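It should be emphasised that the depicted structure is a prediction, and the values quoted were computed from it without experimental measurement. By convention in this document, chain letters (A, B, ...) are assigned in the order of the sequence lines, proteins followed by strands, and residues within each chain are numbered from 1. Only this structure's heavy atoms are used, side chains among them; waters, hydrogens and symmetry mates stay out.
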Amino acid sequence: MHNVFEALKERGFIKQTTNAEQIANLLAEQQVTYYVGFEPTASSLHIGSLVPVMVMAHLQRAGHKPIAIIGGGTGMIGDPTDKTEMRPMLSQEQIAANGRGILAQLQRYLNLDNEIADANDSQTVSKAGRFLNNADWLLSINYIEFLRDIGKHFRVNEMIKAEGYRQRLERELGLSFLEFNYQLLQAYDYLCLFQEYGCRLQLGGDDQWGNILAGVGLVRRIEGEQVHAVTFPLLTTADGAKMGKTAGGAVWLDAARTSPYEFYQYWINVDDRDVSQFLAYFTFLPMDEVRRLGSLEDEAIREAKEVLAYEATQLAHGKAEADKAQAASRAAFGGGNLNEAEMPTSVIPLERLDGGISIMALFHEVGLANSRSEARRLIQQGGAYINEKQYRAIDMVVGTDLLEGDALLLRAGKKRYHRIVLKEN
RNA sequence: GGGGGUAUGCUAGAGCGGUCAAAUAGGGCAGACUGUAAAUCUGUUGGCUAUGCCUACGGUGGUUCGAAUCCAUCUGCCCCCA
């Protein structure tokens, strides 16, 4: 077993640890069960959650055993940490549905086979991980018992020192008792996972440090065992924005929300300054290669971005999709012929062109503009192209004379394409 | 439970009873420049059958020729006291 901990450190995944040396030894000596919590706030993860996922994958590849939990119980409360407002509570059904979506995505990166990995079967040392919902143990909690057994281990004066809580208190934003309990519940998660599965390592974003430590402390007090915590640095892009947001909102792992092509494009378009770090985070390329690509400058850095985009897309959507996205991207921006199959396409009846369609209506209809007014602006500002020819007249009517073969190629701005296929019927 | 405050567009945040589709900043979009980057500059940023019309300033109902602006009430949030 090579030293995963060093590898993670080298890739920049480690921010804080309970004890780096002990963790490194632990990981070197035995199969360690580790866990990461995911919020079930949506049915898909977005690339902001990719750091924990990649770390889990690295650890599993090194022979350790992951547990991914979704906060079905805690999700019903909302984590106050670093949030300015309370989050909406979710129903159990919603959480379960979101959980299924998240599980499907995690399985691209991890082996989380609940069936095979039977806790009671100590004969099989399975590397397969688990996917659990903390509602399974949180919902059945008895309040009095919980206070007596768990609550007594927490000191309020310590808890309110935690950054997340302190901010809320200082900024006089208020903090409901409900939210205040979040830390206890998360600590309890760790305790349960330790007791049930021998979990000895929890990983999470650096904003979770306080909550994770609470769990470490709880296990020590109740079980007298030392378990560990590791946090990742919080991700921001070079221009300070939160990672993974684009014009259209978050970049999702779900192909239905963010197409593989858009996903690929996200990575191609990252800020130069982020490329090197992102290669380390979001690909499994050896660090030598990462360093080589990261040292490229100016125009050459596009090669690095292409590798980044390809690798990241391959992980999220598979090789076939990554190949397609790459081909489409090269075609669209490499000056070559556009790959028709790769771009969003609509089919409309040929007759509609006979009478002509207003150019505004056309751009609106295919979704390149959200309203006719937006389409109007787009056209007036010179961002509307049909078959790569710019049209600036808003009263322009598109007729059959513009057809190239049986299709029209619409473009809005530099990067957004839409193909319309006309069909007789 | 008592007292006070606040509620504006994607976000933050101005808004004198008319000239407010609503200042300003951020964000977004488009154009120029570029490397599908960054920075910078310019334009634009509710909708529509479009020199006008409709919808919007937490909900409802008033006052008024006229309300985002005044009043009442409801709701949410915040603060103080309990």
Discussion item. Of the options B/A32, B/U36, B/A30, whose atoms approach the side-chain atoms of A/Lys415 most closely?
Written reply: B/U36
Worksheet item: Does A/Lys389 make a cation-pi contact with A/Tyr391, if we ask for NZ or CZ under 6.0 Å from the ring centre and within 45° of the axis?
Response: yes
Worksheet item: How far, in whole Å, is B/G3 from B/C74 if one measures between their P atoms?
Response: 12 Å
Practice prompt. Remember a base hit wins even if backbone is also touched, and classify A/Ala412 as base, sugar-phosphate or nothing at under 4.0 Å, heavy atoms.
Written response: sugar-phosphate
Discussion item. Roughly how many Å apart are B/A50 and B/U55, using the C1' atom of each and rounding to a whole number?
Written reply: 15 Å
Discussion item. Please report the distance separating the P of B/C78 from the corresponding atom of B/G28, rounded so that it comes out in whole Å.
Written reply: 30 Å
Worksheet item: What is the distance from CZ of A/Arg392 to C1' of B/G43, rounded to the nearest Å?
Response: 10 Å
Worksheet item: Taking atom types as they are modelled, is there a donor-acceptor pair under 3.5 Å from the base of B/G31 to the side chain of A/Gln381?
Response: no
Worksheet item: Looking at B/C48, B/A37, B/C29, which one has an atom nearest to any side-chain atom of A/Lys305?
Response: B/A37
Worksheet item: With no hydrogens and no angle check, is any side-chain donor or acceptor of A/Glu388 less than 3.5 Å from a backbone partner on A/Leu409?
Response: no
Practice prompt. Indicate yes or no for a side-chain donor-acceptor contact from A/Tyr34 to the backbone of A/Met56 under 3.5 Å, with no hydrogens or angles considered.
Written response: yes
Discussion item. With a 6.0 Å cut-off on the ring centroids, do A/Tyr264 and A/His317 count as close?
Written reply: no
Item to complete: Classify the nucleic acid contact of A/Ser371 as base, sugar-phosphate or nothing, counting any heavy atom under 4.0 Å across all strands shown.
Response: sugar-phosphate
Item to complete: Between A/Val270 and A/Arg377, name the one whose nearest nucleotide on RNA chain B is closer to the 5' end.
Response: A/Val270
Worksheet item: For B/G46, which nucleotide is its Watson-Crick or G-U wobble mate, given both distances must be under 3.5 Å?
Response: B/C54
Worksheet item: Rounding to a whole Å, what distance do you find between A/Ile379:CD1 and B/G31:C1'?
Response: 15 Å
Worksheet item: Could you give the CD1-to-P distance, from A/Ile394 to B/U44, as a whole number of Å?
Response: 15 Å
Fill in: Of the listed nucleotides B/G35, B/U49, B/U34, the one nearest the side chain of A/Asp272
B/G35
Item to complete: Compare the minimum distances between each of B/G47, B/U49, B/A38 and the side chain of A/Ser373, then state the nucleotide with the smallest one.
Response: B/G47
Worksheet item: What is the distance from CG of A/Asn370 to P of B/G47, rounded to the nearest Å?
Response: 9 Å
Practice prompt. Check for a donor-acceptor pair, side chain of A/Thr258 on one end and backbone N or O of A/Ala255 on the other, with a separation under 3.5 Å.
Written response: no
Discussion item. Considering every strand and a 4.0 Å limit on heavy-atom distances, what is the contact class for A/Gln380: base, sugar-phosphate, or nothing?
Written reply: nothing
Discussion item. Quick check for you: among B/A32, B/A38, B/U36, whose closest atom lies nearest to any side-chain atom of A/Arg273?
Written reply: B/A38
Discussion item. What's the gap between B/U8 and B/A23 when it is taken at their P atoms, as a whole Å value?
Written reply: 16 Å
Response to the item:
Taking for A/Ala384 and for A/Arg372 the nucleotide of RNA chain B with the nearest heavy atom, the one nearer the 5' end belongs to A/Ala384
Item to complete: Using the C1' atoms only, state how far B/G62 lies from B/U11, rounded to an integer number of Å.
Response: 33 Å
Item to complete: Rounded off to whole Å, could you give me the CG-to-P distance for the A/Asn269 and B/U34 pair?
Response: 18 Å
Discussion item. Please report the distance separating the C1' of B/U64 from the corresponding atom of B/C70, rounded so that it comes out in whole Å.
Written reply: 9 Å
Worksheet entry | Residues A/Asp288, A/Arg292: salt bridge by 4.0 Å N-O rule | no
Fill in: Nearest-angstrom distance, P atom, B/U34 to B/A25
28 Å
Discussion item. Using whole Å, what does the distance between atom P of nucleotide B/C29 and atom NE2 of A/His364 come to?
Written reply: 18 Å
Item to complete: Would you mind telling me which of B/C48, B/A37, B/C33 lies closest to the side-chain atoms of A/Asp271?
Response: B/A37
Worksheet item: Just how far, in rounded Å, is P of B/U44 from CG of A/Leu378?
Response: 15 Å
Practice prompt. Quick one: sort the A/Trp267 and A/Phe278 rings into parallel, tilted or perpendicular, breaks at 30° and 60°.
Written response: perpendicular
With a cut-off of 3.5 Å and sequence neighbours excluded, list every side-chain donor-acceptor pair involving residues 352-374 of chain A.
residue: A/Arg352; atom: NH1; partner: A/Glu365; partner atom: OE2; Å: 2.8
residue: A/Arg352; atom: NH2; partner: A/Glu365; partner atom: OE1; Å: 3.1
residue: A/Ser358; atom: OG; partner: A/Met360; partner atom: N; Å: 3.1
residue: A/Ser358; atom: OG; partner: A/Ala361; partner atom: N; Å: 3.2
residue: A/His364; atom: NE2; partner: A/Asn370; partner atom: O; Å: 3.4
residue: A/Ser371; atom: OG; partner: A/Ser373; partner atom: N; Å: 3.4
residue: A/Ser371; atom: OG; partner: A/Glu374; partner atom: N; Å: 3.0
residue: A/Glu374; atom: OE2; partner: A/Asn370; partner atom: N; Å: 3.0

Discussion item. I need the CD1-P distance between A/Ile268 and B/A38, as an integer number of Å.
Written reply: 13 Å
Item to complete: For nucleotides B/A22 and B/C57, find the distance between their C1' atoms and express it as a whole number of Å.
Response: 8 Å
Worksheet item: Between the base of B/A50 and the side chain of A/Arg376, is there any donor-acceptor pair under 3.5 Å?
Response: yes
Worksheet item: Can you find a side chain N or O atom of A/Arg416 that sits less than 4.0 Å from OP1 or OP2 on B/C29?
Response: no
What nitrogen or oxygen pairs link the protein and nucleotides 51-56 of chain B at under 3.5 Å?
none

Fill in: Donor-acceptor pair between A/Tyr35 and A/Asp189 side chains, under 3.5 angstrom
no
Discussion item. For A/Arg291 and A/Glu10: C-alpha separation, side-chain torsions, deciding distance, then whether salt bridge (Lys or Arg N to Asp or Glu O under 4.0 Å) applies.
Written reply: CA-CA 11 Å; A/Arg291 274 186 285 267; A/Glu10 189 179 19; 3.1 Å; yes
Practice prompt. Could you let me know what B/U6 is paired to, Watson-Crick or G-U wobble, both distances under 3.5 Å, or none if it's on its own?
Written response: B/G76
